[in-house]
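One structure below.
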Amino acid sequence: MAVTCLPTFPFVIFGIVEPVLLVWAYITTLQDPFTFYSRQAQNYELPADPSSFPPHAQIMTLQLVNVYLLLAAIAVICSWTTQASTARWYLAAVALADYGHIYACYVGVGLDLLLRPAEWNDMLMGSVGVSLFLNLVRLSTLAGVFGPVKDAEAGLAKKKAA
């Protein structure tokens with residue numbers, strides 16, 4: 001029985017790897033929200049003392065990582081579906097969101113640092129580098145580069161009819 005309408009490579013990336021990374025980010029940020037927050041803009045030094053963590057920043061950081069957990073669940077649901085339209089709309093929506101994610105980093109660190117990936121810290125590499133890679137795979141999947149995104153149930157119905 002088919003578990004997905006996605007070709008194998010995109011299924012592994014969006015149905016397994018991306019959700020695992022999102023859950024990992026959620027867990028590690030819950031353990032140390034200040035570090036997650038303070039490493040977002042590497043060209044702006046914050047006091048190393050977590051007691052200087054403003055409550056506003058703590059709330060926003062924890063809300064953001066809660067969205068990561070939500071995105072992990074949605075990625076699993078929309079990647080493990082046999083309905084092609086669900087997977088396609090999901091990939092298109094998240095591809096657009098990738099650009100917003102990258103733009104937020106651009107606003108925070110500036111164009112100069114954004115154009116020097118060799119100098120990125122792990123947070124910027126994850127926020128921009130991984131987002132660019134995932135965006136490329138999303139758009140390639142929608143374009144059919146890895147094979148068609150088609151209803152898996154349609155194939156099963158044809159086999160049963162034969």
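Counting begins at 1 with the first residue of the sequence.
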Qualifying ring-ring contact (aromatic ring centres under 6.0 Å, His included) pairs with a residue from residues 42-81, counting only residues at least two apart or across chains: Phe11-Trp80, Phe34-Phe53, Tyr37-Phe53
Hydrophobic side-chain clustering at under 4.5 Å (ILVMFWY, transitive links): who's grouped with Ile77? Put none if nobody. none
Can you find a heavy atom in the side chain of Thr29 that is under 4.5 Å from one in the side chain of Thr61? yes
Residues that Gln58 engages under side-chain hydrogen bond (donor to acceptor under 3.5 Å, both in side chains), provided they are two or more places apart: none
side-chain hydrogen bond (donor to acceptor under 3.5 Å, both in side chains) partners of Asn66, counting only residues at least two apart: none
Within the structure provided, determine whether Leu132 and Ile102 are in side-chain contact (heavy-atom separation under 4.5 Å). yes
Same hydrophobic cluster for Val137 and Val130, using side-chain heavy-atom links shorter than 4.5 Å among ILVMFWY? yes
Nearest heavy-atom contact between Ala87 and Val149 is CB-CG1, 4.3 Å
How long is the straight-line distance from CG of Leu139 back to CG of Leu136, given to the nearest 0.5 Å? 7.0 Å
Is it the case that one hydrophobic cluster holds both Leu30 and Trp24, taking links as side-chain heavy atoms less than 4.5 Å apart, direct or via other members? no
Transitively linked via ILVMFWY side-chain contacts under 4.5 Å: Met125 with Val128? yes
Note: with side-chain heavy atoms under 4.5 Å as the link, the other cluster members for Met60 come out as none
Please give me the minimum heavy-atom distance between Pro19 and Ala75, naming the atom from each residue. CG-CB, 3.9 Å
Evaluate the side-chain proximity of Leu124 to Gln42: yes if any heavy-atom separation is below 4.5 Å, no if none is. yes
Do the side chains of Leu134 and Ile13 get nearer than 4.5 Å, heavy atoms only? yes
Keeping Ser52 on the side-chain end and Asp49 on the backbone end, is there a donor-acceptor pair under 3.5 Å? yes
Between Ala152 and Cys5, what is the shortest heavy-atom contact and its length? N-CB, 4.1 Å
Are Ser127 and Gln40 packed together at the side-chain level, in the sense that at least one heavy-atom pair is separated by less than 4.5 angstrom? yes
What one should report as the nearest heavy-atom pair of Arg39 and Asn121 is O-ND2, 3.0 Å
So do Leu21 and Val17 actually touch side chain to side chain, heavy atoms under 4.5 Å? yes
How would you list, by chain and number, every residue that makes a side-chain hydrogen bond (donor to acceptor under 3.5 Å, both in side chains) with Thr35, sequence neighbours excluded? Asp32
Side chain to side chain contact (heavy atoms under 4.5 Å, CB included), that's the test. Do Thr28 and Phe36 meet it? Break it down for me. CA-CA 8 Å; Thr28 59; Phe36 179 85; 5.9 Å; no
What ring-ring contact (aromatic ring centres under 6.0 Å, His included) pairs are there with at least one residue in residues 104-146, not counting sequence neighbours? Phe9-Phe146, Tyr103-Tyr106
Do Leu70 and Phe14 share a hydrophobic cluster (ILVMFWY, side-chain heavy atoms under 4.5 Å, transitive)? yes
Identify, with sequence neighbours excluded, every residue that meets salt bridge (Lys or Arg N to Asp or Glu O under 4.0 Å) alongside Asp112. Arg116
Excluding sequence neighbours, so at least two apart, what forms side-chain hydrogen bond (donor to acceptor under 3.5 Å, both in side chains) with Ser85? none
What side chain to side chain donor-acceptor pair (under 3.5 Å) pairs are there with at least one residue in residues 129-149, not counting sequence neighbours? Glu18-Arg138, Asp98-Asn135, Asp98-Arg138, Tyr99-Asn135
Which residue pairs pass the side chain to side chain donor-acceptor pair (under 3.5 Å) test when at least one of the two sits in residues 86-96, sequence neighbours left out? Gln83-Thr86
Answer with yes or no whether the hydrophobic clustering places Val3 together with Leu6; edges join I, L, V, M, F, W, Y residues whose side-chain heavy atoms lie under 4.5 Å apart. yes
Validation row: Leu22, Leu69 side chains within 4.5 angstrom (heavy atoms): no
Among all residues two or more places apart in sequence or in another chain, which pass the side chain to side chain contact (heavy atoms under 4.5 Å, CB included) test with Ile27? Val23, Gln31
